[in-house]
Colleague: 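My questions all concern the structure below.
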Amino acid sequence: MVRLVWYGHACWSIEGDKATILIDPFITGNPEAPTTADKVKADYIIVTHGHGDHIGDTVDIAKRTGATVISNYEITSYCQAKGVQNVHPLHLGGGFNFPFGRVKLTIAHHGSGLPDGSYGGSAAGVILELGGKRLYHAGDTALFLDMQLIGRGGLDAAMIPIGDNFTMGPDDALEAVKLLQPKIVFPMHYGAFDVIKQDPQTWKTRVEAETQTKVVILRPGEGYALD
Ligand code: NI
Ligand code: MN
């Protein structure tokens, strides 16, 4: 079984039979975070890009738990320089079979500068295959037509930003669902800051009227099991 827990913004805990994978652990400083960085579990931490609301608490959590940080080469090198022991660099279009499943980085149209101003490579999205499920976490991105290719392999679930301003807003996120055609979509990256406030219920109504995809709106701290 695969269980997803939303920690608010773009942060998810993906709990499989063999590992807990944390994505974009922005917990400290996130007004909606339901937990604290010293409590979360992680065997692996996937970081989509270098912005502070994504790399977040990665270094502290990796040092405490010994989790392996999976990200682009520039970000794993940054984490190593900060004292993280275990890293696995990937880059766009590349995937690797980890003991728990497969992680592949996809394109994302966005920046990736790191909090101290150093170069964070290219922003990415993630395709995660584990426990017989195929998931897509879009990271921060504009809408792009290649989402069709990501959806072509079949998606059990997608996590996509709807916040507007820094990423896709509700209109483009609806188009993204049409391209990705996931069974379930979880809206994310709305609500943590004033400029990205959106009403996910309105978006759910639109998406479910125009597509076959089920929209699941979680509150920070809530989980959802993919059966
Ligand atoms: Ni960003
Ligand atoms: Mn962001």
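All ligand and atom numbering here is 1-based and tracks the order in the structure.
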Colleague: Would a 4.5 Å heavy-atom cut-off, applied to side chains only, mark P200 and V215 as touching?
Modeller: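 Not in contact.
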
Colleague: Side chains of residues 79-94: which donor-acceptor pairs under 3.5 Å do they make with residues two or more places apart or in other chains?
Modeller:
residue: N86; atom: ND2; partner: G66; partner atom: O; Å: 2.9
residue: H91; atom: NE2; partner: E74; partner atom: OE1; Å: 2.8

Colleague: So do K41 and T65 actually touch side chain to side chain, heavy atoms under 4.5 Å?
Modeller: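 No, their side chains stay 4.5 Å or more apart.
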
Colleague: Answer yes if F26 and I160 sit in the same cluster of Ile, Leu, Val, Met, Phe, Trp and Tyr residues linked by side chain heavy atoms under 4.5 Å apart, and no otherwise.
Modeller: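 Shared cluster, no.
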
Colleague: Taking side chain as C-beta onward, heavy atoms only, is Y224 less than 4.5 Å from I184?
Modeller: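 In short, these two side chains touch, coming nearer than 4.5 Å.
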
Colleague: Closer than 2.8 Å to the Ni ion (ligand 1), which protein N, O or S atoms?
Modeller: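 Those protein N, O or S atoms (cut-off: under 2.8 Å from the Ni ion (ligand 1)) are H49 NE2, H51 ND1, H110 NE2, D140 OD2.
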
Colleague: Do F98 and D43 touch side chain to side chain, with heavy atoms closer than 4.5 Å?
Modeller: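 F98 does not reach D43 side chain to side chain.
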
Colleague: With a 4.5 Å cut-off on side-chain heavy-atom distances among I, L, V, M, F, W and Y, is there a chain of contacts connecting I196 to F186?
Modeller: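 No, separate clusters.
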
Colleague: Under 2.8 Å from the Mn ion (ligand 2), which protein N/O/S atoms are there?
Modeller: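 For the Mn ion (ligand 2), the protein N, O and S atoms that sit under 2.8 Å away are D53 OD2, H54 NE2, D140 OD2, H189 NE2.
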
Colleague: Just list the side-chain donor-acceptor pairs under 3.5 Å for residues 7-21, sequence neighbours left out, or say none.
Modeller:
residue: H9; atom: NE2; partner: D53; partner atom: OD2; Å: 2.6
residue: H9; atom: NE2; partner: H189; partner atom: NE2; Å: 3.2
residue: S13; atom: OG; partner: E15; partner atom: OE2; Å: 3.3

Colleague: How about Y73: does its OH atom have over 12 heavy atoms from other parts shown lying under 6.0 Å from it?
Modeller: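 Result for OH/Y73: open.
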
